[in-house]
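What follows is a set of notes on a single structure, which appears directly below.
Throughout, protein chains are lettered first and strands after them, A, B, ... in sequence-line order, and every chain is numbered starting at 1.
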Protein chains: 2
Amino acid sequence: MAEAVQKPKRAARPSADATRTRILEAAEKLFADRGFHGVTVREIAREADVDPALANYHFGSKEQLFSSALLARAEEFMAEREAALTACIADADGTPTLESVIVAYTHPYLEHAQSGDPGWRSWFKLLAKANTSPEWAPEVFRDRFDPFVRKFIEAMKLAAPGAPDERYYWCYHFFSGALVLTFAETGRMDRLSDGKCRSGDLASGYDLLVPFFAEGFESILSGRRPPLGGGA
Amino acid sequence: MAEAVQKPKRAARPSADATRTRILEAAEKLFADRGFHGVTVREIAREADVDPALANYHFGSKEQLFSSALLARAEEFMAEREAALTACIADADGTPTLESVIVAYTHPYLEHAQSGDPGWRSWFKLLAKANTSPEWAPEVFRDRFDPFVRKFIEAMKLAAPGAPDERYYWCYHFFSGALVLTFAETGRMDRLSDGKCRSGDLASGYDLLVPFFAEGFESILSGRRPPLGGGA
DNA sequence: GTCTATAAGATGATAGAC
DNA sequence: GTCTATCATCTTATAGAC
C-alpha cells in the first residue's frame with residue numbers, strides 16, 4: 001500500500017479499470033451484432049463475466065453505455081484521420097488530388113481492420129448500425145463525427161473546386177453509405193457471389209473502393225458528367 | 001348473407017382484411033423507425049388501433065410479422081424492377097449502357113418515393129435497417145432480393161463485359177450501400193450541410209446518383225482506373 | 001374475427017450490505 | 001468497487017369467452 005502511494009502504477013490491482021474495460025468490450029461486441037435494443041444489460045454483464053449491477057455503476061444508463069461504446073474508439077479514430085487529412089493537404093501545398101483525400105479519409109479503416117485487434121471490426125459494425133439508427137447516440141455523431149466530415153468536405157473543395165455546394169454533400173453521402181457498409185462485413189456479398197467474393201477480404205474491397213469513388217467524385221464535381229435532369 | 005354467397009365481393013365487411021392491413025401498415029412504420037427489437041407488438045397494435053391479440057392471430061410471431069412487413073412491398077417492387085431491367089436489355093438488343101441498367105435498377109425507388117403513398121418511404125427505411133441487420137428476415141433477402149440482384153449483376157456484365165468477376169460484386173456492393181442509405185432519408189445530410197441539402201429531396205439525389213455510379217462502374221469495369229494495389 | 005384475461009418470464013435500475 | 005435482493009414494469013404469446 002505504501003508502494004501504491006509512492007508509485008501509483010496502473011493495474012497494481014486489476015479490478016476497477018479492468019472491469020470497466022471488460023464491460024465496454026462486451027458492450028461493443030454485442031451492440032455491434034444486435035443493435036441497441038437487441039441486447040440487454042444483463043447479457044453484456046454475462047459476456048464480460050461481471051455482475052450486472054456493475055454496468056450501471058460504471059456507465060449509468062443503458063443509453064450511456066451505448067454512447068460510451070461508440071465513443072470509445074471514436075476519439076482515436078477521428079484524430080488519426082484528421083492528422084492524415086491535414087498531412088495530405090499540406091503535402092500537396094493546399095491542392096491535393098481527390099484520390100489522396102479519399103485515401104486519407106479511408107485508410108485508417110483498413111489499417112485498424114487488419115491490426116489484429118478484433119475490437120475494431122466490431123466497432124465498424126457498430127458504426128454501421130448507428131449510421132442507420134442515429135437516434136441511439138446523436139451526441140456522438142454531432143460532436144465527434146460531423147465536425148470531421150465537414151473537414152473532409154472542405155478538403156474535397158480544395159481538390160475539386162467550383163462545383164455547386166450541394167454536389168459535395170450528395171457525393172459524400174453516396175461515399176459514406178458504401179464505406180460504412182463495406183467495413184460492416186455483413187456477409188451479404190459472400191452469399192450473392194456464391195463465395196467468389198468475401199466481405200472479410202477488406203484489402204481487395206479497399207483497393208477497388210478508392211478508385212471507384214475517386215472517379216465518381218471527379219466526374220460529378222468537374223461537371224464532366226452532368227446530373228440527370230441537367231439541374232443542380 | 002345470401003348476397004355474400006352469390007358474390008363474395010371483397011370489403012363487403014370492412015373487418016378482416018382491413019385489420020390485417022392496418023396492422024401491417026403500423027408494423028411497417030414502427031419497424032422502419034426503430035428496428036425489430038425497438039418496437040413491441042403492443043405498440044404496433046396501438047398504432048393500428050386494434051387489439052394486441054390480433055397481431056398474433058393474423059401474423060403469428062413477432063418475427064413473422066416483421067418478415068410480412070418487409071415482404072409486403074417486396075413482391076411488387078422486385079417485379080417492377082425486373083420488368084424494367086428486362087425491357088432495358090431488350091431495347092438495346094442485349095447490349096445496354098451502364099447508365100440505362102442503373103436507371104432500370106433505381107428508378108422505381110424514386111417513383112415510389114414520390115408516389116404520394118408515404119408507406120413506400122417507410123418501407124425504404126425498413127429496408128435500410130434490415131440491410132445492416134440481415135438476421136431479422138434472412139429468408140426475404142434470400143428468396144426475394146438476392147435473385148434480382150444477381151440479374152442486375154448479369155446486366156452489368158452485358159453492359160461492360162470482360163472484367164474479373166469480383167469487380168462486379170464489389171462495385172454492386174458500393175452501389176447498394178449508397179442507394180439504400182439515400183432512400184432511408186436519415187436526415188444526416190441536412191445537419192451536415194446546415195440545411196443546404198435535404199435528405200428528403202430525393203429527386204436531386206437521384207439525378208446525381210445515377211451519373212456518379214455510372215462513372216464509377218465504368219472506370220473500374222473497363223479497367224480505365226486500376227485497383228490501388230494493381231491486383232484483382 | 002375479435003377481445004378479455006392471464007400465464008410465465010424478462011427488463012432497467014437501484015438501495016443497501018459487504 | 002462489488003454483489004445480493006428486489007422493485008415496478010413490461011414482454012410475447014395463448015386459452016377461451018363472445
Side-chain angles (χ1 to χ4, degrees), chain A residues 1 3-5 8-31 33-70 133 135-137, chain B residues 1 3-5 8-31 33-70 133 135-137:
Chain A
M1 193 173 145
E3 263 185 52
V5 170
K9 60 179 81 165
R10 221 171 66 93
R13 172 156 144 280
S15 300
D17 249 40
T19 302
R20 261 191 74 98
T21 305
R22 294 161 67 89
I23 294 170
L24 212 49
E25 283 174 352
E28 176 178 75
K29 185 183 167 198
L30 292 178
F31 281 141
D33 285 342
R34 309 215 292 268
F36 178 74
H37 296 290
V39 181
T40 68
V41 176
R42 291 165 138 87
E43 283 176 303
I44 292 169
R46 201 183 315 135
E47 170 84 18
D49 199 31
V50 141
D51 188 274
L54 291 176
N56 288 290
Y57 174 78
H58 285 287
F59 294 96
S61 71
K62 186 185 175 187
E63 266 97 352
Q64 288 172 303
L65 176 55
F66 183 89
S67 288
S68 299
L70 187 59
S133 295
E135 71 278 9
W136 290 343
Chain B
M1 192 172 145
E3 262 184 55
V5 170
K9 61 178 81 165
R10 222 171 65 93
R13 170 156 145 283
S15 299
D17 250 38
T19 301
R20 259 191 76 98
T21 304
R22 294 163 67 89
I23 294 170
L24 213 49
E25 281 173 354
E28 176 178 75
K29 183 181 169 201
L30 292 178
F31 282 140
D33 285 342
R34 309 214 293 269
F36 178 73
H37 297 290
V39 182
T40 67
V41 177
R42 290 165 132 85
E43 283 175 303
I44 292 169
R46 202 181 316 135
E47 170 83 21
D49 200 31
V50 140
D51 188 274
L54 292 177
N56 288 292
Y57 175 79
H58 285 287
F59 294 96
S61 72
K62 186 185 173 187
E63 266 96 352
Q64 289 172 302
L65 176 55
F66 183 89
S67 287
S68 298
L70 187 59
S133 296
E135 71 277 11
W136 290 342

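- Of the residues near DNA chain D, B:E43 and A:L54, the one whose nearest nucleotide (by heavy atom distance) lies more toward the 5' end is A:L54.
- In this structure, B:R22 does not pair ionically with B:E47, as no charged nitrogen and carboxylate oxygen lie closer than 4.0 Å.
- When the C1' atom of C:dT11 is taken as reference, atom CD of A:E63 falls 13 Å away, rounded to whole Å.
- One can place CD1 of B:I23 at 11 Å from P of C:dG1, the figure rounded to the nearest angstrom.
- Around the NZ atom of B:K29, the shell of radius 6.0 Å holds no more than 12 heavy atoms that belong to other residues, nucleotides or ligands.
- The side chain of A:D51 approaches D:dC3 more closely than any other nucleotide in the set D:dT2, D:dC3, D:dT14.
- Atom CH2 of B:W136 is separated from atom CZ of A:R34 by 12.0 Å, given to the nearest 0.5 angstrom.
- Atom NZ in A:K62 sits about 9 Å away from atom P in C:dT11, given to the nearest Å.
- Of the two residues contacting DNA chain D, namely A:R42 and A:Y57, the nearest-nucleotide position lying further toward the 5' end is that of A:Y57.
- In this structure, B:D49 atom CG and C:dG1 atom P are separated by 19 Å, rounded to whole Å.
- For A:S61, no side-chain nitrogen or oxygen approaches OP1 or OP2 of C:dG12 to under 4.0 Å.
- OP1 or OP2 of C:dT11 has not a single side-chain nitrogen or oxygen of A:H37 nearer than 4.0 Å.
- When distances run from any side-chain atom of B:A53 to the nucleotides C:dT4, D:dA13, D:dG1, the shortest one goes to C:dT4.
- Following rounding to the nearest Å, B:F66 (CZ) and D:dA13 (C1') show an atom-to-atom distance of 20 Å.
- Between A:F31 and A:F66, the angle of the ring planes goes over 60°, which puts this pair in the perpendicular group of the 30/60° scheme.
- Going from atom CZ of B:R20 over to atom C1' of C:dG1 covers 13 Å, rounded to whole Å.
- Atom-to-atom, CZ of B:F59 to P of C:dG1 comes out at 12 Å; the value is rounded to the nearest Å.
- Closest to the side chain of B:T40, out of D:dT11, D:dT2, C:dT2, is D:dT11.
- Distance check, rounded to the nearest 0.5 Å: CD of B:E28 to OG of B:S68 gives 12.0 Å.
- Within the 4.0 Å cut-off from OP1 or OP2 of C:dT14, not a single side-chain nitrogen or oxygen of A:N56 is found.
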